[in-house]
Protein chains: 2
Amino acid sequence: MQRREKTTPPLIPKVAATRISRYLRYLEELQARGATTTSSRELGAALGVTAAQVRKDLGYFGQFGYPGLGYKISNLIPEIQRILGTDRSWNVALVGIGNLGTALFRYKGFAAHGFRIVCLFDSNPRLIGRSVEGLVVHPVQAVGELVRSKKIELAILSVPQTAAQDVAQSLVEAGIKGIFNFAPVLLSLPEDVAYVSIDLAVELEQLAFLVCHRERELAKVKSPFE
Amino acid sequence: MQRREKTTPPLIPKVAATRISRYLRYLEELQARGATTTSSRELGAALGVTAAQVRKDLGYFGQFGYPGLGYKISNLIPEIQRILGTDRSWNVALVGIGNLGTALFRYKGFAAHGFRIVCLFDSNPRLIGRSVEGLVVHPVQAVGELVRSKKIELAILSVPQTAAQDVAQSLVEAGIKGIFNFAPVLLSLPEDVAYVSIDLAVELEQLAFLVCHRERELAKVKSPFE
DNA sequence: TAGATTGTTAATCGATTAACAATC
DNA sequence: TAGATTGTTAATCGATTAACAATC
């Protein structure tokens, strides 16, 4: 458990970054509707958080608003993109071209936010060499070479649980900077590799849990954005 | 913002339920390896939380351990399943049979934990009537009737953003108890309907954010399970 | 018994909210 | 100017960790 000096600048809670991402989503929606300004009150109301929370979250990164006026949407959107690192595009590898992998590859939401899946990998000999919507599936062994040559920084891992740690290891050795993992396992990675993980079964269990405990009036079992 | 009397029993933080789910995942793994007992220390170490956290989390729901001995795996697994509501099976509707929906339908991890996708829905006339691995795709309009007749309690929503709120509305009217939403939008639902949501683009943005801020040594930007 | 580990209370730590001066 | 809304500090609230008596 890493200790940290008391003098370090304001630490940013991870949930703040998640909310910032959602503010961006809503700002894009507002802009599409033709709005030009908004306020912490409006943003908060739309996302189910307090206005103070919105201002605090943005405050971790700078001053983007105008007292009395609110925020200029055309100004705040690029600021948040810069904060999130989505003001540029990212090359992404997709490892594991099964049902989920294929669906993720076809998912339009990634490209819309600057994430380009530029390389596919699998270990199944029957898939290797095949072309999926214009991209060839490469053997996992080629990760090292291709990550470097294609300047890939992020990887999406949709491989079976049993393969996940080994593949992650190869990706790390190839110099990947972040891994988005769908395998139901906690990957052990070096500290300087970023890590986001989704376990679909865990999420569905959460839903069952919430249903079971709604009746028992489970109070603080309150999702962060409802 | 709902107020709550000071006398209410210990409120359960949402993250505690998430961790409990992960404890279960790890316990199943331990059992598969032939282990019969474990301890809060071992569980915590495996999942990157303190032993005190593990005991506290379990403590919200009861006393399952033996001082000096730890926890009996064969005993703790069913206890956690009962807590999560996965000690029985759940009938699930899948709405939106696109790439993601199809992948989710084929995903084995749900069935393995008692979630049975028993009905498929879509609004695309070209999909309606088609059979996907033995299940016929029904029109979204049939939700009301089928949710009741098939005793469906949960729904997975993998429809486009623009359709999500309307479909959710129909599901609620049909008496659904919980919705697992993949559309990038905050659904507005009655309080007694449980809600879990994943926005894949937001998750990938989190990864980009973490990568960008690793260097800037972003301290408390620490994911809950690393 | 001695050693280990639980369940739980108290202490610490961190995140959220309220409040308000600054300012457009 | 008066009204609105920011950025930020202080107060509150809640979650995590440490500590330890109870107990196997």
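Predicted model only: the values in this text are computed from it and were never measured.
- Of the two residues contacting DNA chain D, namely Gly68(A) and Ala52(A), the nearest-nucleotide position lying further toward the 5' end is that of Gly68(A).
- Counting to the nearest Å, the P atom of dT8(C) and the CG atom of Leu58(B) are 11 Å from each other.
- Between the NZ atom of Lys56(A) and the C1' atom of dT6(D) there is a distance of 14 Å, given to the nearest Å.
- Scored by the salt bridge (Lys or Arg N to Asp or Glu O under 4.0 Å) test, Arg55(A) finds no partners at all (sequence neighbours excluded).
- Closest to the side chain of Pro13(A), from the set dT17(D), dA15(C), dT8(C), is dA15(C).
- For Tyr71(B), a side-chain nitrogen or oxygen approaches OP1 or OP2 of dG7(C) to under 4.0 Å.
- Distance check, rounded to the nearest 0.5 Å: CD1 of Ile80(B) to CZ of Arg22(B) gives 13.5 Å.
- Residue contacts for Gly65(B): at a heavy-atom cut-off of 4.0 Å it reaches the sugar-phosphate backbone alone, with no base atom in range.
- Computed from coordinates, the Glu79(A) CD to dG7(D) P distance equals 11 Å when rounded to whole Å.
- If you take NZ of Lys72(B) and P of dT6(C), they are 14 Å apart, rounded to a whole angstrom.
- Expressed to the nearest 0.5 Å, how far CD of Glu79(B) lies from CD1 of Ile77(B) amounts to 11.5 Å.
- The phosphate of dT6(D) has OP1 or OP2 within less than 4.0 Å of a side-chain N or O from Ser40(A).
- Per the geometry, CZ belonging to Arg55(B) stands 12 Å off P belonging to dA19(D), to the nearest Å.
- Contact check, Arg19(A) against dT16(C): a side-chain N or O comes under 4.0 Å of OP1 or OP2.
- Base-pair partner of dT9(D): dA18(C) (Watson-Crick or G-U wobble, both distances under 3.5 Å).
- Contact between the side-chain N/O atoms of Thr50(A) and the OP1/OP2 oxygens of dT17(C) is found at a separation under 4.0 Å.
- Under the 30°/60° scheme for interplanar angles, the aromatic rings of Phe110(B) and Tyr107(B) are found to stand perpendicular.
- Close to dG7(D), at under 4.0 Å from its OP1 or OP2, lies no side-chain N or O of Gln63(A).
- Rounded to whole Å, atom P of dG7(D) lies 11 Å from atom CG of Leu69(A).
- At a threshold of 4.0 angstrom between heavy atoms, the contacts of Gly70(A) are confined to the sugar-phosphate backbone, with no base atom among them.
- Of all nucleotides present, only dT23(C) satisfies the Watson-Crick or G-U wobble test against dA4(D), with each distance under 3.5 Å.
- Atom NZ in Lys14(B) sits about 13 Å away from atom P in dT16(D), given to the nearest Å.
- At a threshold of 4.0 Å, the pair Asp57(A)-Arg19(A) counts as salt-bridged, since one of the basic side-chain nitrogens sits closer than that to a carboxylate oxygen.
- Between Ile12(B) atom CD1 and dA15(D) atom P there is a gap of 11 Å when expressed in whole angstrom units.
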